[in-house]
Amino acid sequence: YKREGRRNAYIILEISFINLKSGFINMEELIWPDQTTAGITREEIGGKGLNLLKLYDYAKQSELFTVPNFFIIPSTKGHGALISFRGVEDKSRVTYKKSEEIRMKEAFDKLQKPVIVRSSSPLEDNVNASFAGMFNSVKNVKTFDDFLCAIYEVKDSAYGSFIESYAERLGIEHNYDMGIIVQEQIT
């Protein structure tokens, strides 16, 4: 997976499905904007995801504007299964449990390309702290292989020491949960 403008020409990733915290990514539990979202919390989908759902609902009701289509992979649904290889330079490839990879491909294929894979940490877009620009987003994702790598890159951004320092300075409890927004990109 080649990313232009990066120090390393290739980001090569190995993600194993080991049930570390909350299980595997269950693509049947993806959150799409048209489904009922009552009871969905910041802890499940992150601040940005929650606000995007609210924006989508407002756009639909007001008919003043549209929000590009998207889905959210909840933070509490399997992201403990992603292994972060902090400091490892040579990572192999992204691998998922085959049944989950098929579901992810089906979801990815429903969106127009390119897409942007965005962070949605429960810490983001909070009343007391925005964490603006601190987590990664990966834009111009056109292929399924790039999408799998982008999920890892966004999730891995939750492990930055500067994020821990910022949270500590603000008196906010840091956690590594990360929802992932996959959204059609406006080009």
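Along the sequence shown, residues carry numbers from 1. Everything numeric here is computed off the predicted structure, so don't read it as measured data.
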Donor-acceptor under 3.5 Å (E184 side chain, Q112 main chain): yes
Q185 vs N140, side-chain contact (heavy atoms from CB on, under 4.5 Å): CA-CA, chis, key distance, verdict: CA-CA 7 Å; Q185 182 176 318; N140 295 318; 2.8 Å; yes
Looking at K113 and F108, would you say the former's side chain and the latter's main chain have a donor-acceptor pair under 3.5 Å? yes
When you measure from the side chain of S75 to the backbone N and O of M178, does any donor-acceptor pair fall under 3.5 Å? no
Show every donor-acceptor pair shorter than 3.5 Å between a side-chain atom in residues 61-72 and any protein atom, with sequence neighbours excluded, or say none if there are none.
{"unit_1": "S62", "atom_1": "OG", "unit_2": "Y58", "atom_2": "O", "d": "2.9"}
{"unit_1": "S62", "atom_1": "OG", "unit_2": "L64", "atom_2": "N", "d": "3.3"}

Less than 4.0 Å between a side-chain N and a carboxylate O, is that true for K142 and D146? no
Is a side-chain donor or acceptor of K139 paired with a backbone partner of R118 at a separation under 3.5 angstrom? no
K48 charged N/C atom sitting above F131 aromatic ring, 6.0 Å / 45°: no
From K155 atom NZ to S121 atom OG, the distance as rounded to the nearest 0.5 Å: 9.0 Å
Give a yes or no answer on whether the side chain of S120 reaches the backbone of I45 with a donor-acceptor pair at less than 3.5 Å. yes
Kindly indicate, with the supporting measurements, whether the criterion side-chain contact (heavy atoms from CB on, under 4.5 Å) is fulfilled by V182 and L111. CA-CA 9 Å; V182 183; L111 299 179; 3.7 Å; yes
Side-chain donor or acceptor of S157 paired with backbone N/O of N136 under 3.5 Å: yes
Honestly curious: do F162 and F135 fall in one hydrophobic cluster under the side-chain, below-4.5 Å linking rule? yes
Output for pair (S119 OG, D156 CG), nearest 0.5 Å, gives 12.5 Å
Under a 4.5 Å cut-off applied to non-hydrogen side-chain atoms, are I102 and K105 in contact? no
Side chain proximity check, I151 to M104, heavy atoms < 4.5 angstrom: yes
Residues, nucleotides or ligands: over 12 heavy atoms within 6.0 Å of E168 CD: no
I180 CD1 to L30 CG distance, which is reported to the nearest 0.5 Å: 11.5 Å
Pair I116, V141 - check side-chain contact (heavy atoms from CB on, under 4.5 Å), show working. CA-CA 6 Å; I116 185 165; V141 176; over 6 Å; no
What's the spacing between D34 CG and Y56 OH if we round to 0.5 Å? 3.5 Å
Rounded to the nearest 0.5 Å, what separation is found between the CG atom of D57 and the CG atom of L52? 10.0 Å
Run the side-chain contact (heavy atoms from CB on, under 4.5 Å) check on N51 and K54 step by step: do they pass? CA-CA 5 Å; N51 288 334; K54 290 176 183 177; 4.1 Å; yes
